[in-house]
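Worksheet: the structure to be examined is printed underneath.
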Amino acid sequence: MVRVIDVRRSGDRYRGGEPSSGISTLHSFSFGRHYDPDNLRFGPLLACNEERLAPGAGFDEHPHSHTEIVTWVTEGELTHQDSTGRTTVVRPGDVQHLSAASGVRHVERNDGPAPLTFLQMWLAPLTWDAAPAYSLVRREYLPQDHPDTVVLTLPAAAATLHHLLLTPGRPQPLPEAPLRYVHVLNGEIGAGPASAGARPAAPAAELRPGDSARIGDAAEDPFMLTARGETPAELLVWAMEG
């Protein structure tokens, strides 16, 4: 069975946001004014936006519905407020999940003194009749010494988010699922099918920070990831049913 891997480079993402207001955005899929009929979604994944907010910048109150919204902060602090009266501060490595369901309004701002960078991912739910819900998993409650940590399970979208830490010289199998979406946070990785002895063959792709790969086709041999160079690599992986 032939594996399918579609690599998208960080520099090729659509640049959006409002730079004059301190908001810069890199879009991995069609979003807002950016429309690409060949890049609407990957399985349930509808958006993967890298947001950069200057101190004091943010998104004023706006609505969402029928969307599972997952946020991972990489730098700075994100202040979240929603129409239920909830206010939270999301910090690096925290995982925020907002199930918009029948409808919710929220505000996202950088109220801190330092620049803010976060990755926000939107997924389509399987059903449309649920009530809004919110959860926040703090980084200190996540295992820190395991190369593959499940940070969020979303039955509503038949998807699971993994956080992978790769050590050079130690290949790590990619979580198995009909569809996998890989986004590199830090470091460089090689990705490809395993060869004899569960070692990676010549990598099908090499990925750097901000790059992503869309991987389909579950073959018999595991798909391996390896940190390239001398430094560890950090990435997020969505494992999805399709």
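This one's a predicted model, so the numbers in the text were calculated from it and none came from an experiment. The basis for the numbers below is simple: all heavy atoms, side chains too, and nothing from hydrogens, waters or symmetry mates.
At least one side-chain heavy atom of F29 sits under 4.5 Å from a side-chain heavy atom of C48. Side-chain contact check for R8 versus N39: some heavy-atom pair is nearer than 4.5 Å. Side-chain contact between E61 and H106 is absent, with no heavy atoms from C-beta onward closer than 4.5 Å. Looking at L45 and W122, their side chains never come closer than 4.5 Å, going by heavy atoms from C-beta outward.
With values rounded to the nearest 0.5 angstrom, M121 atom CE is found 11.0 Å from E50 atom CD. To the nearest 0.5 angstrom, R52 atom CZ is 7.0 Å from L26 atom CG. Taken to the nearest 0.5 Å, the CG atom of L53 stands 10.0 Å off from the CG atom of D111. Taken to the nearest 0.5 Å, the CG atom of L207 stands 4.5 Å off from the CD1 atom of I189. Rounding to the nearest 0.5 angstrom, the gap separating the OG1 atom in T149 from the CG atom in L165 is 7.0 Å. Rounded to the nearest 0.5 angstrom, L78 CG and N110 CG are separated by 8.0 Å.
A donor-acceptor pair is defined here as one N or O able to donate and one able to accept, closer than 3.5 Å; no such pair exists between the side chain of T153 and the backbone of T160. With hydrogens and angles ignored, the 3.5 Å screen pairs no side-chain donor or acceptor of S83 with any backbone N or O of V104. Side chain of D6 to backbone of R214: no donor-acceptor contact under 3.5 angstrom is found. Looking only at distances, no side-chain donor or acceptor of T117 sits under 3.5 Å from a matching main-chain atom of E75.
Between H80 and D82, the side chains place a donor N or O and an acceptor N or O closer than 3.5 Å (distance only, hydrogens not considered).
In the hydrophobic clustering of ILVMFWY residues, with side-chain heavy atoms under 4.5 Å counting as a link, L98 and L161 come out apart. Using a 4.5 Å cut-off between side-chain heavy atoms of Ile, Leu, Val, Met, Phe, Trp and Tyr, with links allowed through other members, L126 and V70 fall into different hydrophobic clusters. Side-chain heavy atoms closer than 4.5 Å link hydrophobic residues (I, L, V, M, F, W, Y) into clusters, and following such links, possibly through other members, connects F118 to I69. In this structure, F42 is not a member of the same hydrophobic cluster as L46, with clusters built from ILVMFWY side-chain heavy atoms closer than 4.5 Å. By the criterion of side-chain heavy atoms lying less than 4.5 angstrom apart, applied directly or through intervening Ile, Leu, Val, Met, Phe, Trp or Tyr residues, L152 is grouped together with L179 in one hydrophobic cluster.
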Sequence neighbours excluded and cut-off under 3.5 Å, please list the side-chain donor-acceptor pairs for residues 15-24, or say none.
from	atom 1	to	atom 2	distance (Å)
E18	OE1	S21	OG	3.3

Per-pair distances, 0.1 Å, donor-acceptor, side chain in residues 230-242, under 3.5 Å, sequence neighbours excluded:
from	atom 1	to	atom 2	distance (Å)
E234	OE1	N186	ND2	2.7
E234	OE2	H163	NE2	2.7

Check the pair L225 / L164 against side chain to side chain contact (heavy atoms under 4.5 Å, CB included), numbers first and verdict last. CA-CA 10 Å; L225 303 174; L164 273 62; 3.7 Å; yes
Between E108 and Q81, is a side-chain hydrogen bond (donor to acceptor under 3.5 Å, both in side chains) present by the stated rule, with each step listed? CA-CA 7 Å; E108 296 164 298; Q81 298 172 298; over 6 Å; no
Could you walk me through whether V73 and L116 pass side chain to side chain contact (heavy atoms under 4.5 Å, CB included), step by step? CA-CA 8 Å; V73 173; L116 165 66; 4.0 Å; yes
Given side chain to side chain contact (heavy atoms under 4.5 Å, CB included), test V182 with L174 step by step and report yes or no. CA-CA 9 Å; V182 176; L174 187 67; 3.8 Å; yes
Between L119 and T71, is the side chain to side chain contact (heavy atoms under 4.5 Å, CB included) condition met? List the steps. CA-CA 6 Å; L119 199 67; T71 303; over 6 Å; no
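Between Y181 and H183, the ring-plane angle classifies as parallel under the 30° and 60° cut-offs.
Shortest non-hydrogen contact noted between L123 and A159 is CD2-CB, 3.7 Å. Considering all non-hydrogen atoms of both residues, E206 and R9 come closest at O-NH1, 2.7 Å. Annotation for P132 and A100: closest pair CG-O, 3.6 Å, computed over non-hydrogen atoms. Between V7 and A205, the closest heavy-atom pair is CG2-CB, 3.5 Å. Heavy atoms only, all atoms of each residue included: V137 and V151 are closest at CG2-O, 4.5 Å. Heavy-atom minimum distance, G169 versus P171: O-CD, 3.5 Å.
Pairs of residues two or more places apart, or lying in two chains, that qualify as ring pair (Phe, Tyr, Trp, His ring centres under 6.0 Å) and include a residue from residues 8-28 are Y14-H27, Y14-H34, H27-F31.
Take D36 and apply the side-chain hydrogen bond (donor to acceptor under 3.5 Å, both in side chains) test, not counting sequence neighbours, and it matches no residue. Taking the side chain to side chain contact (heavy atoms under 4.5 Å, CB included) definition, one finds that L136 meets it with T88, V90, D94, Q96, Y134, R138, sequence neighbours left out. Among residues two or more places apart in sequence or in another chain, the side chain to side chain contact (heavy atoms under 4.5 Å, CB included) test is passed with S99 by E68, H97, A101, A133.
The 12-atom threshold is exceeded at CZ of R13, counting heavy atoms of other residues, nucleotides or ligands nearer than 6.0 Å.
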